[in-house]
Structure formats: C-alpha cells, structure tokens
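The first residue of the sequence shown is numbered 1, and numbering continues consecutively from there.
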Amino acid sequence: MSSFTEEKKDAEADSGPSGPPKAAEDVFGDETNHDIRYKTLSWQFVSMLMIAEIVSNGMLSLPNAMAAVGIVPALILTIFLGIFGLFTAKLLIDFKLNHPGVHSMGDAGYTLFGPIGRELLSAGTIIFAICGTGSELLSGQLALSSLSDNGLCAILFLLIFSIATLLLALPRTLGRLSWLGVFSVASITLCGILAMVGAGTNPVPDRVLNATVPNNFPNAFLAITNPVFAYAGHFMFFILISEMSRPEDAMKAAWVLQGFSTTFYVVFSIVIYVYIGSTVASPALLSLPPVWSKITFGIGLVNFLVAGGIYSHTAAKLVFVRLFRRSHHVHSHTFLGWFTWIFLCFAAVAIAFIFAAAVPIFSDLISISASLFASWYTYGLAGFFWLHDAYYLGGGERELKRRWFGTTLAVLTIVAGAFICVAGTYVSIKLIVDAYRDGLVGKPFTC
C-alpha cells in the first residue's frame, strides 16, 4: 500500500482563506525571510516528541489491563496494536506527503468529506487534545500529592501544575519544544525502569498471575481499551510533520515511535505484573512501596509536564493556523498574533483544569473522547486516506479493483476503527452509569 503520485492535485479547489489550501501548497510556505520559522524539526526530534506524548499515561495503565484479561491476551494485543499503529502511521504519512497543505485532522477531514468533515475532525482533535492535557494535569497532581504526602489540597497542586504546563505550551513552534521532548523521553524511560526495579525488589507475597482471565464483555473491553489508546498519538502527526524540515523522513520517526513504545510497553507490563500480580493498580506506580512510588512519580513528573504542554500546544496550534493561515501573523511577531496565541494556550489549559477539577467523572469522559476520536485518528481514518488517494490520485474505481488487497486492508482498518469507537463508547458510558448507581462519584473541587 504505497503512496500515490500527485498528478491530480492541481485539480483540488482552494477553500478560501479560512480553509485548507490547495494540496500542492505547503502549510507554511517559503520561510526564508520570516521572523518565526516552523519547519525546523528533524525526524529524530519528531520521534522524541511523539514518544513524549504517548508513552506516559498509556504505559502506566497497561499492567492493570494485563491483570484484567491475563498475560497472554494482553501481550498479543499490545504487540498487534503496535504493528497495526505502524501500518496506519504509514497510510497517514503517505496522505500527508500527497497533500502538503494538510496541517491537521481538520484539513484531512475537509479533503475527505468537505466542510462538515473539517469541522467535525477539528473539533474532535481539540477535544481530545484538551482531554489529554487534563489527563496529564491529573497525573501531575497525583505525583505532587505523592511526593508531599498530601501536603496541600489536591486542587492547589492541580493549579500549580496547570500553570507550569501553560508555560511549556507557549513557544510558537514545536522546534522550541524539541529538546524538552528528549528530556521527557528520558524521564518516562527512567521512570519505567525504576518502577520495574522497585517492583522486582519488593514483590507482592502470594501474588496471583493468570495466563487468561474469564470476563464479561464490558470489563474485558475496558481493559482492552488501555493498550488501544496507549498508541493514540496519530491525531497530531499532521501538525508535527508540517513542522519538519524534511517531511519525507516522517516514516523514520514513526518506526522509532512504534518500535520503542511497543517494546517498552511489553517489557514494562510483563515485569510489573509478574512481581505485583492481579492487584496492580492504574497507574501502576501506586502499587509500588511508598519510597519507590515517590521516586518514580518524581522522575515521571517531567514527562507529565512536557506531554501536557504538547497536548495543549496542539489544540492551540490547530486553531491558530486555522485563523491566520497565509497571514503575516503566523510568521511575524505581531501583537495580534502573540495575543491570540497566548489566549489559545491559556484557554486550552484552563478548560482542561476546569474539567479535571470540576468533573468527578473526568477520567471516564477521557475514555469517551478517546473512543469517539482516537479510534478514528489512530486507526479508522487511515483506511479512508488510502481509499481516497487510490481513487483520486491513482485511477478511480479501476485502481481500487486492481489493488484489491490494499483496498481490503483499508476497509478492514475502517471497520476496526468503527468497532473500537462504538464498543469503547458503550463501555465508557456504562461505567459512568454504574458509578452513579453505586454512589462512587465524588464531588467537584474537593481536596
């Protein structure tokens, strides 16, 4: 399923100042004389930013998923989804290279489905990015509470971490965050290694290990969603690739991302589960002895902070480019440009803070947003990308029939995304209903 020629790109219509440009037009154009230059990222730094964004909360939830379904199904699923994620990344990157004007999932939605697709996928990207920011804020608050033995009200810790996250989101270009991505990857890697050491030196006595665990569908699929969404970073691939100096190297970054994340997920989840057993919590760091829990939370704090900054930066960047694309505010230090950018970053973090603090079921809302959007961004939409370019750039219906194997894989990819979306949303909503029924829902703005 290789990329297609661009022979028909000139036929694509321009949607106007607020929409995506012609496919042949680069997002940021020639930056030779610009004050702010976006296209500076190498594929190595892009891979670091990708890893920093997804190998965080995803990794820490996997041992709990293994305890829910058993070591064999969890291991098979984690490896399969890693390979599947690499496949869909290839389709996404090919689509981006064929359509350089695509800056976000919203632009891709316009190419595929017109104005409605643009608005729907743009809104989904913003919602998912803000939910991702909120998830990292909660992880940071949990880390600070653990380090201080709950020395302050949890809401104050959440506010402190939110302010720090906002500051990291403010640089206008992802290139300014690139070295932070390296530190973030080092942070979460060391955090995981020390967590495995802590679990190995303090194994739980009489722990229970299961190869497989019989379960009902809601509980089993809930556990399955953890590895599914541990790979949910594709939604920001277009934005990252748009700021690469050589977009054609993007697949190298995807190989590094999927190779590192899959290997680390497998090793981490097996080691933690083997030494802690079926009682392992989510996040897994809570199952470690207090000293080890504090050490790992302290080291992982850097990753939570950078990942939150990347998520909120992504939400702000999509709106900013949508508002000012082709204007001098994108590339120049104008008052309007900087005021709008700071406001958008502030709004993204502020909304995430409010939801994290005021909505007791926020973690379940994150699951719903992941089911609704990440299932498509990481998996399902990739099939539409391939079918679109096969039809419009490759030779129409005849091309789809000639490349029947690729067409079949694309359709199955769409079906997989749809299944994850529907089943994940159902399970997440059921959990919320059950929590309210059992009186397990807390109160907003509580310590």
Side-chain angles (χ1 to χ4, degrees), residues 49-62 65 77-78 80-93 95 104-106 108-109 112 117 120-136 138-139 221-240 254 257-258 261-262 265 282 307-308 310-315 318 348 352 355 362-385 413-429 431-432:
L49 290 171
M50 288 177 173
I51 293 171
E53 180 245 335
I54 76 163
V55 183
S56 181
N57 289 334
M59 176 191 80
L60 299 179
S61 67
L62 290 179
L77 191 64
T78 301
F80 169 75
L81 290 174
I83 297 172
F84 190 25
L86 181 65
F87 168 71
T88 56
K90 175 69 166 64
L91 302 188
L92 186 152
I93 290 168
F95 185 83
S104 67
M105 282 292 178
L112 293 176
L120 183 62
L121 295 188
S122 293
T125 300
I126 295 169
I127 292 170
F128 187 64
I130 290 176
C131 285
T133 302
S135 177
E136 298 298 343
L138 287 175
S139 296
F221 195 82
L222 178 66
I224 290 172
T225 58
N226 287 331
V228 167
F229 301 129
Y231 294 105
H234 292 46
F235 80 104
M236 66 176 296
F237 276 17
F238 288 139
I239 292 176
L240 279 166
L257 167 67
Q258 297 301 128
S261 59
T262 303
Y265 286 166
S282 179
I310 294 173
Y311 276 122
S312 50
H313 182 104
T314 299
L318 185 152
F355 273 101
F362 181 64
S363 60
D364 294 316
L365 292 182
I366 293 174
S367 297
I368 291 176
S369 72
S371 300
L372 288 174
F373 302 116
S375 57
W376 291 107
Y377 296 152
T378 306
Y379 303 108
L381 281 176
F384 283 113
F385 293 155
T413 299
I414 295 170
V415 171
F419 173 74
I420 295 170
C421 175
V422 174
T425 303
Y426 164 75
V427 169
S428 300
I429 293 175
L431 278 179
I432 295 175

Could you check if a side-chain atom of [X] sits within less than 4.5 angstrom of a side-chain atom of [Y], using non-hydrogen atoms only?
X    : Y    : value
L92  : F385 : yes
T262 : I83  : no
L381 : L121 : yes
S371 : F229 : yes

Using the ring pair (Phe, Tyr, Trp, His ring centres under 6.0 Å) criterion, which residues pair with Y265? Sequence neighbours excluded.
Y231
If the condition is ring pair (Phe, Tyr, Trp, His ring centres under 6.0 Å), which residues does Y377 pass it with, not counting sequence neighbours?
none
Nearest heavy-atom pair of [X] and [Y]: which atoms, and what distance?
X    : Y    : value
A230 : G58  : CB-CA, 3.9 Å
I54  : A232 : CG2-C, 4.2 Å
A254 : I93  : CB-CD1, 3.9 Å

Indicate yes or no for a side-chain donor-acceptor contact from T133 to the backbone of S312 under 3.5 Å, with no hydrogens or angles considered.
yes
Could you tell me whether a side-chain N or O of S135 sits under 3.5 Å from a main-chain N or O of C131, the two making a donor and an acceptor?
no
Go through F221 and F419 one step at a time and tell me if the side-chain contact (heavy atoms from CB on, under 4.5 Å) criterion holds.
CA-CA 11 Å; F221 195 82; F419 173 74; 3.5 Å; yes
Applying side chain to side chain contact (heavy atoms under 4.5 Å, CB included), name anything that partners [X], two or more places apart in sequence or on another chain.
X    : result
I429 : I368, T425, V433
T413 : F84, F87, T88, A382
I51  : M48, V55, V185, V256, L257, F260
S375 : I420, C421

Spatial distance of atom [atom1] ([X]) from atom [atom2] ([Y]) [nearest 0.5 Å]:
X    : Y    : atom1 : atom2 : answer
L77  : N226 : CG    : CG    : 10.0 Å
L86  : L81  : CG    : CG    : 12.5 Å
M236 : T314 : CE    : OG1   : 3.5 Å

Just jot down the side-chain hydrogen bond (donor to acceptor under 3.5 Å, both in side chains) partners of E53, sequence neighbours excluded, or say none.
Y311
Return the set of residues passing side-chain hydrogen bond (donor to acceptor under 3.5 Å, both in side chains) with S428 (not counting sequence neighbours), or none when no residue passes.
none
For the ring-ring contact (aromatic ring centres under 6.0 Å, His included) test, which of F235, F373, W376 pairs with F128?
F235
